[in-house]
2 protein chains.
Amino acid sequence: MSGSGRLRVVGLGPGPADWRTPEADAALARASDVVGYAPYLERLALGPRQRRHVSDNREELLRARHALALAASGADVALVSGGDPGVFAMAAALIEAAEAGEPAWRTPDIEVLPGVGAMQAAAARLGAPLGHDFCAISLSDNLKPWEVVARRLGCAAEGDFVIALYNPASKARPKRIHDAFALLRSLKSGATPVAFARAVGRADERLTLTDLCAADPGLADMATLVVIGSSQTRWVAREGLRPWMLTPRCYGAGR
Amino acid sequence: MSGSGRLRVVGLGPGPADWRTPEADAALARASDVVGYAPYLERLALGPRQRRHVSDNREELLRARHALALAASGADVALVSGGDPGVFAMAAALIEAAEAGEPAWRTPDIEVLPGVGAMQAAAARLGAPLGHDFCAISLSDNLKPWEVVARRLGCAAEGDFVIALYNPASKARPKRIHDAFALLRSLKSGATPVAFARAVGRADERLTLTDLCAADPGLADMATLVVIGSSQTRWVAREGLRPWMLTPRCYGAGR
């Protein structure tokens, strides 16, 4: 253990390089070792002397442990994360791994470098759906009981928050997004604006604008962020263009 | 009206240039006119031929109207916003102004460019407080009745969300943050981790780590983001370093 290693959890943003911060680029350029899920590493132009450590998407803790062990042995490690690493992503996995691991894993120079999140990218494309109070809920029930998700959806509806749903679906649990929509339909107006923002900033970007009544939850895959409005959220029409999704800054003021 | 104008709502991020995206920098470099709150414009190195349009912080709608009128007359406008423009910031003001304004204001080429948000920057410094479901609530009651804020705080506590409080205090309404803490103390454990993250990324950055029982709401000013944990949020000790604030990815699993 040299103790001289460093580890940066690097937020790559939603995809395009021009949504990646200079800080993130500098950490990637300097790293001796870059650790991450394969599709994220494929996006990066790394040098021939930079070691790549590729792992499967579901192996977040293993990936974090590997990054910590490398840093503890003196490497300059970039542990890459899509979007912002702090939101349903690698920062929590890293700290959990450090907490559970060897004491030497908590001593290297470790920092989280923020990035543009999927939620912000989707909001930018849609207009301003997050212009007022909102919440972010992951529908993954790998990591929490469905009862917790359902309770939170209920409280989010009761509090009239805009709701951003992360990880809305996967092959292993395709029904959860349908359950979530069924629950929200029982609690909110069918006319509530809803958007499915898929792969924002990437070549296969697709935006679907609809409402809670008409929405097809089957549109959501793991690359989709689903945005469900509050009672105040509305569409703002533009001639010949996609309408904007707006949650105004004032509550209950009408137009 | 030339109709050939363009308008970009540009997220500057929390402060330092290395948290600003290349997309934002390119829009700023290209703009003929840069519109914004004075302290944001002061951060930027603009060219001698770029026109600056400075306004007061409370004049968001006026600023947006001015930007739209410039774009409608053919200018290439950057309307700058701190952090991410989509979260309690200029994107909503811009769309509200476009909706209420002349038809020509909805036709220019208008885009929102996302940025690193204050919430993400604070989370990165603190560790991983937003690693699980969270909500963001603005305490400003200029724009909504306090009853709406109080209801949302109650629902956020009931749903056991991590809570990020934006705009926690101002000279005009110094008591709201005290009211919010009093309410949350009646609903959540006094041992809940709390952080005050002030001016993250800037020279006067200050982090204060505490708990709900001991927290001094008077620490919060308008440059502060307040993060209040869920029942799962905990501190992870590091020898000789500030502890990490962690909301683990799993709910209710213990350590």
Side-chain angles (χ1 to χ4, degrees), chain A residues 13 17-23 26 84-88 91-96 98-100 106-107 112-117 120-121 123-124 127-128 130-138 143-145 148 151-152 154-156 158-161 236 238-239 244 246-252, chain B residues 13 17-23 26 84-88 91-96 98-99 106-107 112-117 120-121 123-124 127-128 130-138 143-145 148 151-152 154-156 158-161 236 238-239 244 246-252 255:
Chain A
D18 70 350
W19 280 349
R20 206 157 67 216
T21 67
E23 182 185 59
D84 177 75
V87 174
F88 307 119
L94 188 274
I95 292 175
E96 289 170 42
E99 182 185 36
R106 292 184 288 283
T107 57
V112 179
L113 310 188
V116 171
Q120 269 108 345
L130 306 180
H132 207 284
D133 304 337
F134 64 90
C135 59
I137 301 176
S138 169
L143 299 167
K144 62 187 162 185
V148 173
R151 176 158 63 101
R152 285 179 170 163
C155 290
E158 169 71 21
D160 198 21
F161 287 95
V236 175
R238 291 187 292 167
E239 204 176 308
W244 281 310
L246 169 67
T247 308
R249 301 161 311 138
C250 297
Y251 190 91
Chain B
D18 70 350
W19 280 349
R20 205 156 68 216
T21 67
E23 182 185 57
D84 177 75
V87 175
F88 306 121
L94 188 276
I95 293 175
E96 288 170 42
E99 182 184 36
R106 292 184 290 282
T107 56
V112 180
L113 311 187
V116 172
Q120 271 108 343
L130 306 180
H132 207 285
D133 304 336
F134 64 90
C135 59
I137 300 176
S138 169
L143 299 168
K144 64 187 159 184
V148 174
R151 176 159 61 102
R152 285 179 172 164
C155 290
E158 170 70 21
D160 198 21
F161 287 94
V236 175
R238 292 187 291 167
E239 204 175 308
W244 281 309
L246 169 67
T247 309
R249 301 163 308 139
C250 297
Y251 191 91
R255 299 192 184 205

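Every chain is numbered from 1 and lettered A, B, ... according to where its sequence line falls, protein lines coming before strand lines. Note that the structure is predicted; figures quoted are calculated from it, not measured.
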**Message:** Within the 3.5 Å criterion, strictly below it, is a donor on B:Y251 or B:D160 matched to an acceptor on the partner's side chain?
**Reply:** yes

**Asked** Is it the side chain or the backbone of A:E239 that comes within 4.5 Å of chain B heavy atoms, both, or neither?
**Response** neither

**Complete:** Between A:A124 and B:V112, the two heavy atoms sitting closest are CB-O, 3.3 Å

**Item:** Residue selection (most heavy-atom pairs with chain B, distance under 4.5 Å) from A:A26, A:G115, A:A123
**Value:** A:G115

**Request:** Count the heavy-atom pairs under 4.5 Å between each of A:A121, A:A156, A:A93, A:G154 and chain B, then report the option with the highest count.
**Result:** A:A93

**Message:** So for B:L246, is it side chain, backbone, both, or neither that comes closer than 4.5 Å to the heavy atoms of chain A?
**Reply:** side chain

**Prompt:** Counting N and O atoms only, with roles assigned by atom type, does the side chain of B:D18 sit under 3.5 Å from a partner on the main chain of A:T21, one being a donor and the other an acceptor?
**Reply:** no

**Prompt:** For the candidates A:L94, A:V116, A:L113, which exhibits the highest count of non-hydrogen atom pairs separated by less than 4.5 Å from chain B?
**Reply:** A:V116

**Fill in**
Heaviest contributor of heavy-atom pairs below 4.5 Å to chain B, chosen from A:G131, A:A92, A:A128, A:P114, is A:P114

**A:R20 versus chain B, the contacting section by heavy-atom distance below 4.5 Å** = backbone

**Prompt:** Angle class for the B:F134/A:F134 ring planes (parallel below 30°, perpendicular above 60°, tilted otherwise)?
**Reply:** perpendicular

**Prompt:** By a 4.5 Å heavy-atom criterion (distance strictly below it), what part of B:W19 contacts chain A: side chain, backbone, both, or neither?
**Reply:** both

**Prompt:** For A:W244 and B:A98, which heavy atoms make the closest approach, and how far apart are they?
**Reply:** CZ3-CB, 3.9 Å

**Item:** Residue part contacting chain B, namely of A:A136, when any heavy atom lies under 4.5 Å
**Value:** both

**Request:** Let me know if A:V87 has heavy atoms under 4.5 Å from chain B in its side chain, its backbone, both or neither.
**Result:** both

**Asked** Heavy-atom distance under 4.5 Å between the side chains of A:D133 and B:K144, does that happen here?
**Response** yes

**Asked** Once you round to the nearest 0.5 Å, how far does CD1 of B:I137 lie from CZ of B:R152?
**Response** 7.5 Å

**Message:** I need the residue from A:R238, A:H132, A:E158, A:R249 with the largest number of non-hydrogen atom pairs under 4.5 Å to chain B.
**Reply:** A:R249

**Fill in**
Between the SG atom in B:C135 and the CZ atom in A:F161, the distance rounded to the nearest 0.5 Å is 4.0 Å

